[in-house]
Amino acid sequence: MKNDGFFTKVYEVTLLIPTGRVTTYGAIASYIGSPGAARMVGWALNNCQNQDEFIPAHRVVNRIGMLSGKQHFQGRNVMQQLLESEGISIVDNQVQNFEKHFWNPNQDLV
DNA sequence: CAGTTGACACCGT
DNA sequence: AACGGTGCCAACT
């Protein structure tokens, strides 16, 4: 798995996100050991579509809980549909009760 | 090898 | 408080 390195880490964490929960790019970046590389996370998720495995990238949003990456999904509101399907309310491309649904990867370590 | 990119985050105005 | 510009790190071309 070191072949992909950073990318794989992002995928791993993204896959670890519990259903009905969401996280931020910065949280993932910090978890993998590169705080500030939030932009990298976005790029990894962008390539995630190239991965054979499905990555729940819809559970990853920016720090304000906005579906910034929604545009990159195949469909228009696919990202929102998936989140709503998991019990998360989305309004204006923003996650309602974001803090409530927020899941910190570091918290899983404890 | 060097430059540019990228689904962000933070600081300054 | 809201908006804009800059900074980060790693991968891609």
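Just so it is clear, the model here is predicted, and its values are computed rather than measured. Chain letters run A, B, ... following the sequence lines, proteins first, then strands; residues in each count from 1.
- When rounded to the nearest whole Å, the span between CE of A:Met79 and C1' of B:dA7 equals 8 Å.
- Of the side-chain N and O atoms in A:Ser34, none sit less than 4.0 angstrom from OP1 or OP2 of C:dC8.
- The distance between atom NE2 of A:His72 and atom P of B:dG6, rounded to the nearest whole Å, is 9 Å.
- Taking 4.5 Å as the limit, some side-chain heavy atom of A:Met79 sits within range of a side-chain heavy atom of A:Val61.
- Atom CG in A:Asn47 sits about 11 Å away from atom P in C:dA11, given to the nearest Å.
- Taking atom CD1 of A:Ile28 as the reference point, atom C1' of C:dC8 lies 16 Å away to the nearest angstrom.
- Residue contacts shown for A:Ala57 include a base, since a base heavy atom lies under 4.0 Å away.
- When the C1' atom of B:dA7 is taken as reference, atom CZ of A:Arg63 falls 15 Å away, rounded to whole Å.
- Between A:Met66 atom CE and B:dA7 atom P there is a gap of 12 Å when expressed in whole angstrom units.
- The CD1 atom of A:Ile28 sits 13.0 Å away from atom CE of A:Met40, with the distance rounded to the nearest 0.5 Å.
- Atom CZ of A:Phe6 is separated from atom C1' of C:dC12 by 15 Å (rounded to the nearest Å).
- For A:Ala38, the listed nucleotide lying nearest its side chain is B:dA9; candidates were B:dA7, C:dC9, B:dA9.
- Distance A:Asn62 CG to B:dA9 P: 5 Å, rounded to the nearest Å.
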Q: For side chain to side chain donor-acceptor pair (under 3.5 Å), just list the numbers for A:Gln49 and A:His72, CA-CA rounded to whole Å, side-chain angles, deciding distance to a tenth of an Å, and then say yes or no.
A: CA-CA 10 Å; A:Gln49 296 184 72; A:His72 291 265; 5.7 Å; no
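- Of the candidates C:dA10, C:dG7, B:dA7, B:dA7 carries the atom nearest the A:Cys48 side chain, counting heavy atoms from C-beta on.
- Of the candidates A:Val91, A:Ile88, A:Asn93, A:Asn93 is the only one forming a side-chain contact (heavy atoms from CB on, under 4.5 Å) with A:Gln80.
- In the set C:dC9, B:dA7, C:dC12, the nucleotide with an atom closest to the side chain of A:Trp43 is C:dC12.
- None of A:Gln94, A:Gln96, A:Glu84, A:His101 except one satisfies the side-chain contact (heavy atoms from CB on, under 4.5 Å) rule with A:Ser89; the exception is A:Gln96.
- In terms of phosphate contacts, A:Asn46 brings no side-chain nitrogen or oxygen within less than 4.0 Å of OP1 or OP2 of C:dA11.
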